[in-house]
Amino acid sequence: MLVTTKEMFEKSMKEGYAIGAFNVNNMEIIQAIVEAAAESRSPVILQASSSAIKYAKMRYLMKMVEAAVEEHPEVPIAIHLDHGPDFETAKMCIDSGFTSVMIDGSKYSFEENIELTKKVVDYAHSKGVVVEAELGKLAGIEDEVKVEASDAMYTDPVQAQEFVKRTGCDSLAIAIGTSHGAYKFKGEAKLRFDILKEIKERIPNTPIVLHGASTVIPKLVEMCNQYGGDIPGAKGVPDEILKQASNSGVSKINVDTDLRLAMTAGIRKVFSEDPSAFDPRKYLMPARELIKDTVKHKMVNVFGSSNRI
């Protein structure tokens with residue numbers, strides 16, 4: 001069933017687990033994610049960035065989501081705009097049937113972020129759609145989002161409380177040390193759980209979101225490199241830290257890089273073992289299965305969202 005994240009998050013906060021939000025841009029990725037959710041009996045959030053929408057085309061994207069809902073009506077599915085850059089993009093997604101949108105005003109000043117977020121919240125709520133906002137800046141690159149490490153900053157818990165009160169946003173993405181892309185840490189991975197704890201104490205009824213939280217699964221990186229890739233030194237947020245975040249009040253964890261690695265590794269393996277392969281089904285089916293296994297692992301072993309429906 002197609003739903004907003006409101007009831008999903010209420011249940012996750014009450015029972016102490018996180019819901020995976022997985023970036024999509026084609027049929028195979030959507031199929032893999034929803035099949036994993038159905039098999040693990042987990043709610044799921046499908047999310048698309050503005051660049052993914054440009055790539056897949058809005059009508060195609062929404063029809064694929066509709067097909068997933070019809071194929072697995074037992075699975076609560078939300079369709080969410082990831083890193084909406086402006087009001088116009090958020091409005092387009094709301095008007096096209098998205099059940100949740102993110103407006104990312106983190107690049108603006110505190111007051112400008114509030115003004116933009118409030119504008120999106122007012123419009124979204126009038127249409128029955130929920131809004132995720134962001135406060136604090138994550139380093140790294142994801143699609144059209146690029147923040148230099150020197151510009152990254154942690155979320156201020158006091159500001160977070162004021163921000164939620166003044167904007168009325170339904171969930172808040174915070175910065176506690178995660179980052180976008182495949183190269184998240186040069187040294188030991190570490191998140192500021194002290195900041196998370198204080199934010200949860202100040203806004204206990206607001207779902208908290210972690211962006212830039214792909215594990216960059218070593219096995220997938222090794223598989224890519226084994227079959228001709230060149231991804232040296234890729235490092236993400238370890239599963240055990242994400243599991244701690246899931247148990248510490250984080251309601252939504254975004255995953256993008258791991259899915260891209262899984263698809264790339266699966267395709268590279270087929271072409272390496274059979275250079276004569278040219279049927280897309282032959283190389284996309286193994287890639288789809290690898291994505292499915294990756295998503296299912298997250299739901300069952302990391303986020304704790306399995307057997308929740």
> Any salt bridge between K292 and E39, counting N to O under 4.0 Å?
Replying inline: yes
> D239 and K243: salt bridge (Lys or Arg N to Asp or Glu O under 4.0 Å), yes or no, with the steps?
Replying inline: CA-CA 6 Å; D239 279 346; K243 189 171 184 177; over 6 Å; no
>> Tell me whether D258 contacts the main-chain N or O of T215 through its side chain, where contact means a donor paired with an acceptor under 3.5 Å.
In response: yes
>> Using the side-chain contact (heavy atoms from CB on, under 4.5 Å) criterion, which residues pair with D274? Sequence neighbours excluded.
In response: S276, A277, K282
>> I'd like to know if the side chain of N25 and the backbone of A52 have a donor-acceptor N/O pair within less than 3.5 Å.
In response: no
> Under a 4.5 Å cut-off applied to non-hydrogen side-chain atoms, are E132 and K252 in contact?
Replying inline: yes
> Does M263 reach the side chain of I29, with side-chain heavy atoms less than 4.5 Å apart?
Replying inline: yes
> Does a side chain donor of either N23 or D82 reach within less than 3.5 Å of an acceptor in the other side chain?
Replying inline: yes
>> Taking ring pair (Phe, Tyr, Trp, His ring centres under 6.0 Å) as the cut-off, I'd like each qualifying pair that reaches into residues 5-42, sequence neighbours left out, listed once.
In response: none
> According to the ring pair (Phe, Tyr, Trp, His ring centres under 6.0 Å) rule, which pairs have a member within residues 223-265, sequence neighbours left out?
Replying inline: none
>> Side chains of D95 and Y123: any donor to acceptor distance under 3.5 Å?
In response: yes
> Should L135 and Q159 be marked as a side chain to side chain contact (heavy atoms under 4.5 Å, CB included) after you check the CA-CA gap, both sets of side-chain angles, and the distance that decides it?
Replying inline: CA-CA 8 Å; L135 189 63; Q159 282 193 335; 4.0 Å; yes
>> The criterion is salt bridge (Lys or Arg N to Asp or Glu O under 4.0 Å); which residues satisfy it with E240, sequence neighbours excluded?
In response: none
>> Once ring pair (Phe, Tyr, Trp, His ring centres under 6.0 Å) is applied, what residue pairs with a partner in residues 271-309 remain, sequence neighbours excluded?
In response: F271-Y283
>> For a 4.5 angstrom cut-off between non-hydrogen side-chain atoms, does V65 reach V34?
In response: no
>> How long is the straight-line distance from OG of S248 back to CG of L191, given to the nearest 0.5 Å?
In response: 10.0 Å
> Rounded to the nearest 0.5 Å, how far apart are CG of L220 and OG1 of T264?
Replying inline: 9.5 Å
> Is the backbone of L290 close enough, under 3.5 Å, to the side chain of T294 for a donor and an acceptor to pair up by distance?
Replying inline: yes
> Does any non-hydrogen side-chain atom of M223 lie less than 4.5 Å from one of R268?
Replying inline: no
> Using 4.0 Å as the upper bound for N to carboxylate O, is an ion pair formed by K119 and E115?
Replying inline: no
> For E70, which residues count as a salt bridge (Lys or Arg N to Asp or Glu O under 4.0 Å) partner, sequence neighbours excluded?
Replying inline: none
>> Taking NZ in K165 as the centre, count heavy atoms belonging to other residues, nucleotides or ligands within less than 6.0 Å. Is the count above 12?
In response: no
> Do V129 and T4 come within less than 4.5 Å of each other through their side chains, counting heavy atoms only?
Replying inline: no
>> Using 0.5 Å steps for rounding, measure from the CD1 atom of I53 to the OG atom of S96.
In response: 8.0 Å
>> What I'd like to find out is whether the side chain of H83 reaches to under 4.5 Å of the side chain of Q47, using heavy atoms alone.
In response: no
> Using a distance-only test with no angle check, is there a side-chain donor-acceptor pair under 3.5 angstrom linking N113 and T117?
Replying inline: yes
>> Working to the nearest 0.5 angstrom, can you tell me the gap between K11 NZ and S305 OG?
In response: 10.0 Å
> Can K197 and E201 be counted as an ion pair, charged N to O under 4.0 angstrom?
Replying inline: yes
> Side chains of S306 and S40: do they bring a donor and an acceptor to under 3.5 Å?
Replying inline: no
>> Side-chain heavy atoms nearer than 4.5 Å, only ILVMFWY residues, links allowed to pass through others: does that put M102 and L116 together?
In response: no
>> Just verifying a value: how many Å separate D156 CG and I195 CD1, rounded to the nearest 0.5 Å?
In response: 8.5 Å
> Restricting to pairs with a member in residues 27-47, which pass ring pair (Phe, Tyr, Trp, His ring centres under 6.0 Å), not counting sequence neighbours?
Replying inline: none
>> When you compare the side chain of Y60 with that of M27, does any pair of heavy atoms fall below 4.5 Å?
In response: no
>> Could you check whether S214 and D256, counting side-chain N and O atoms only, form a donor-acceptor pair closer than 3.5 Å?
In response: no
> Hey, are R59 and E66 close enough for a salt bridge, meaning a charged N less than 4.0 Å from a carboxylate O?
Replying inline: no
>> Taking side-chain contact (heavy atoms from CB on, under 4.5 Å) as the definition, give me every residue that meets it alongside A78, ordered by chain and number, with sequence neighbours left out.
In response: T5, M8, I45, T99
> When Ile, Leu, Val, Met, Phe, Trp and Tyr are grouped by side-chain heavy atoms lying under 4.5 Å apart, directly or through other members, which residues fall in the same group as V158?
Replying inline: none
>> Run the side-chain hydrogen bond (donor to acceptor under 3.5 Å, both in side chains) test against S109 and tell me which residues pass, sequence neighbours left out.
In response: E112
> Roughly how far, to the nearest 0.5 Å, is the NE2 atom of H125 from the CD1 atom of I94?
Replying inline: 9.0 Å
> What residues form a side-chain contact (heavy atoms from CB on, under 4.5 Å) with M13, not counting sequence neighbours?
Replying inline: K200, P207, S251
>> Regarding K54 and S49, do their side chains bring together a donor and an acceptor under 3.5 Å, going by distance alone?
In response: no
>> Does this structure show an ion pair linking K14 with E10, if we count only N-O contacts that are shorter than 4.0 Å?
In response: no
>> Just to verify, what does M1 make a side-chain contact (heavy atoms from CB on, under 4.5 Å) with, not counting sequence neighbours?
In response: V3
> So, do I174 and V209 sit near enough that their side-chain heavy atoms are less than 4.5 Å apart?
Replying inline: no
